[in-house]
Amino acid sequence: MFQSIQVDEIFDPSKAQANEDHPAYWLAQFRKADWRELLKFVDLRFAKSAKKQMLAEATLVRFDFEVCESRAQVWKVWQAEEGRRLIIQFRHSETDWTRGTPEFVHLDKDEPLGFVNIAARLICKVK
């Protein structure tokens with residue numbers, strides 16, 4: 001089920017989500033460049049001096065999110081939903097499982113989903 005995320009769920013430690021089933025958990029791992037990549041998907045650009053939280057706020061009002069653990073679950077949700085969507089898969093390195101590195105996958109452009117070291121996948125749907 002797609003969820004809207006509030007910026008305080010990511011940046012406010014008292015409201016931060018520790019549950020890997022919640023999209024905010026994965027969005028909290030984003031770097032500034034990752035927020036820019038999502039905004040680029042909806043044709044928005046910001047100055048290089050823009051703060052990470054400002055980029056996140058602009059992003060969160062434009063997207064809903066759903067966490068999927070398996071490739072099969074991604075395909076099921078992808079086929080059931082309409083509209084512009086993007087997949088972000090979080091890949092762990094062989095040596096560091098503490099943080100997933102986001103990889104943006106455009107299924108509509110036939111880019112493949114990964115098999116190895118994928119912690120979770122986040123489906124981003126434009127509102």
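With a 4.5 Å cut-off on side-chain heavy atoms, Phe65 and Ile5 count as touching. Side chains of Glu81 and Phe2 form a contact here, defined as non-hydrogen atoms less than 4.5 Å apart.
Cluster annotation: Ile123 is not connected to Tyr25 through the hydrophobic network of ILVMFWY side chains, with a link wherever side-chain heavy atoms come within less than 4.5 Å. Residues Leu27 and Val61 fall into different hydrophobic clusters, defined by Ile, Leu, Val, Met, Phe, Trp and Tyr side chains chained together at heavy-atom separations under 4.5 Å. Linking Ile, Leu, Val, Met, Phe, Trp and Tyr whenever their side-chain heavy atoms come within less than 4.5 Å puts Val126 and Leu60 in one cluster. A single hydrophobic cluster is seen to contain both Val77 and Ile87, as judged by linkage of ILVMFWY side chains at heavy-atom distances under 4.5 Å, directly or through other members. Hydrophobic clustering, with ILVMFWY side chains joined whenever heavy atoms are under 4.5 angstrom apart, groups Val7 together with Ile10.
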Evaluate the criterion salt bridge (charged side-chain N to carboxylate O under 4.0 Å, His left out) for residue pair Asp64 and Lys125; output intermediate values, then yes/no.
CA-CA 5 Å; Asp64 287 329; Lys125 182 172 95 171; 5.4 Å; no
With side-chain contact (heavy atoms from CB on, under 4.5 Å) as the test, would you mind laying out the steps for Trp26 and Ile88 before giving the verdict?
CA-CA 10 Å; Trp26 298 103; Ile88 302 170; over 6 Å; no
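Of all heavy-atom pairs spanning Phe30 and Lys52, the tightest one is O-NZ, 3.0 Å. Closest approach of Asp34 to Phe104, counting heavy atoms only: O-CZ, 3.6 Å. Closest of all the heavy-atom pairs between Leu55 and Ala50 is CD2-CB, 4.0 Å. Of all non-hydrogen atoms in Leu86 and Trp78, the two that sit nearest each other are N-CZ3, 4.1 Å.
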Which donor-acceptor pairs under 3.5 Å do the side chains of residues 38-48 make with protein atoms, sequence neighbours left out?
none

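Listed for the Glu111 side chain is a donor-acceptor partner under 3.5 Å among the backbone atoms of His106. The backbone N or O of Val67 sits nowhere less than 3.5 Å from a side-chain atom of Arg121 that would complete a donor-acceptor pair. A donor-acceptor pair is defined here as one N or O able to donate and one able to accept, closer than 3.5 Å; no such pair exists between the side chain of Glu66 and the backbone of Cys124. A donor-acceptor pair under 3.5 Å is formed between the side chain of Arg62 and the backbone N or O of Ala58. Judged purely by atom type and a 3.5 angstrom limit, Glu9 uses its side chain to pair as donor or acceptor with the backbone of Gln6. For the pair Glu37 (side chain) and Ala33 (backbone), a donor-acceptor distance under 3.5 Å is absent. Of the possible donor and acceptor atoms, none in the side chain of Trp35 sits under 3.5 Å from a partner among the backbone N and O of Thr59. One N or O on the side chain of Arg85 and one on the backbone of Gly83 form a donor-acceptor pair closer than 3.5 Å. Using modelled atom types, one side-chain atom of Arg71 and one backbone atom of Leu113 make a donor-acceptor pair closer than 3.5 Å. In this structure a side-chain-to-backbone donor-acceptor pair under 3.5 Å is present from Arg91 to Val116.
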